[in-house]
2 protein chains.
Amino acid sequence: MGKRIFSKFLKERRQRFTKEREGILQKILSSRGHFDPESLYLKIKETGLKASRASVYRTLNLLCECGLIERVKKTEHGTIYEHTSVHEHHDHMLCMECGNIIEFYSENLEKLQEGICKRQGFQGVSHSLEIRGYCKKCQKKKRS
Amino acid sequence: MGKRIFSKFLKERRQRFTKEREGILQKILSSRGHFDPESLYLKIKETGLKASRASVYRTLNLLCECGLIERVKKTEHGTIYEHTSVHEHHDHMLCMECGNIIEFYSENLEKLQEGICKRQGFQGVSHSLEIRGYCKKCQKKKRS
DNA sequence: ATTGGAATTGAGAATCAGTCTCAATTGAAC
DNA sequence: GTTCAATTGAGACTGATTCTCAATTCCAAT
């Protein structure tokens, strides 16, 4: 579980695994898919947990540093995160109509990346492919 | 040349091809590679051209709408643009050490995208692949 | 348990990119 | 030249995120 990893990470840096941090982590782990800081903050308030916006942001940065979550994308409305602990690496399709994000994984893409890097003498560490377009639902809507 | 396209685009919308807009477009076209609004604004001031920050931002939005430039990426320091008029579609490698951006194009990647979309019933319109890692120079630096 | 000091917290101030407002200016068409 | 809508620039505003700092909390050594 992520709690172990996070508290170990903090201990190593002589930092503390506080109630606030625990609450924030729990809320993140207990929800599916992508999230943004503001919604997370509101969800936390709803639940009666306490944590200020500042703490939410601070904790998100810590969780990124220890690899439990990842910044997926910066948009005009802020940063989108996702937790890495559950699912493996994948890429995204973004519906330009409804904003929905679809995850996918392609082994061929991974191999292709390696090839491209080798050719350029670039040492690839990670990548992200975003495909923009229209999801099934929105294609139908458009037709009618 | 981009000037034609832009002024036509504006005329169609009953908008004006002003000195300011012309100056901004020229500065963009006369420089290579990627740019950000603030640097562009400063470069314009340097040159003695006049255009406020507001006009720069407004013009960048117009140029995006008419397809002469594209938003490449949002970073913590703002949006990075590039002009599309010159070079064709390509993707990016981003050096995590020096921040340098390397462009590349892969036909295989284009085909792969099509395949991935077809499989998911997603109507792909465009994509961007960003590979993060270390460029040749920075790999050498790290070794020594 | 008590204490001391370092880490953390929350409220709000500060920052920063980008947009908006609005009065003054410009320009195309009559 | 007159007219009127489009444009401009300065600065106010917004929204996301970070920073500040006094008050609080936690750990660890006494």
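As the structure is a prediction and not an experimental result, all values here were calculated from the model. Just so we're on the same page: letters track the sequence lines, and every chain starts at 1.
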Would you tell me if any nitrogen or oxygen in the side chain of [X] comes within less than 4.0 Å of OP1 or OP2 on [N]?
{"X": "B:Asn61", "N": "C:dT19", "answer": "yes"}
{"X": "B:Thr18", "N": "D:dT8", "answer": "yes"}
{"X": "B:Ser55", "N": "D:dT7", "answer": "no"}
{"X": "B:Thr79", "N": "C:dG18", "answer": "yes"}

Rounding to a whole Å, what distance do you find between [X]:[atom1] and [N]:[atom2]?
{"X": "B:Glu65", "N": "C:dT19", "atom1": "CD", "atom2": "P", "answer": "11 Å"}
{"X": "B:Leu60", "N": "C:dC20", "atom1": "CG", "atom2": "P", "answer": "15 Å"}
{"X": "A:Phe6", "N": "C:dT8", "atom1": "CZ", "atom2": "P", "answer": "10 Å"}
{"X": "B:Lys74", "N": "C:dT19", "atom1": "NZ", "atom2": "C1'", "answer": "12 Å"}
{"X": "B:Arg14", "N": "D:dC4", "atom1": "CZ", "atom2": "P", "answer": "17 Å"}
{"X": "A:Arg53", "N": "C:dG10", "atom1": "CZ", "atom2": "C1'", "answer": "12 Å"}
{"X": "B:Tyr57", "N": "C:dC16", "atom1": "OH", "atom2": "P", "answer": "12 Å"}
{"X": "A:Lys50", "N": "C:dT9", "atom1": "NZ", "atom2": "C1'", "answer": "7 Å"}

Would you mind checking if B:Arg119 and B:Glu114 are paired as a salt bridge, meaning a charged N to carboxylate O distance below 4.0 Å? no
Identify whether the distance between the nearest side-chain nitrogen and carboxylate oxygen of A:Glu46 and A:Lys27 falls below 4.0 Å.
no
**Asked** Contact class for B:Lys11 vs. all strands (heavy atom < 4.0 Å): base, sugar-phosphate, or nothing?
**Response** nothing
By nearest-nucleotide position on DNA chain D, the 5'-leaning member of B:Arg13 and B:Tyr41 is B:Arg13
**Q.** B:Glu20 side chain vs B:Ala51 backbone, donor-acceptor pair below 3.5 Å
**A.** no
| task | Could you tell me whether the side chain of A:Arg16 and the main chain of A:Leu10 form a donor-acceptor pair under 3.5 Å? | result | no
Value for OH (A:Tyr105) from CD1 (B:Ile116), rounded to nearest 0.5 Å, stands at 11.0 Å
Among the nucleotides D:dA10, C:dG5, C:dG18, whichever has the atom closest to the side chain of B:Pro37 is C:dG18
A:Lys19 has its side chain closest, among D:dC26, D:dG9, C:dT8, to D:dC26
Open item on the list: Looking at the base of D:dA6, is there any donor atom on it, or on the side chain of B:Arg21, that sits under 3.5 Å from an acceptor on the other one?
Closed with: no
Under 3.5 Å, is there an N or O donor on one side and an acceptor on the other linking the side chain of B:Arg58 and the base of D:dG9?
yes
The answer to which of B:Glu38 and A:Gln15 contacts DNA chain C further toward the 5' end, by nearest nucleotide, is A:Gln15
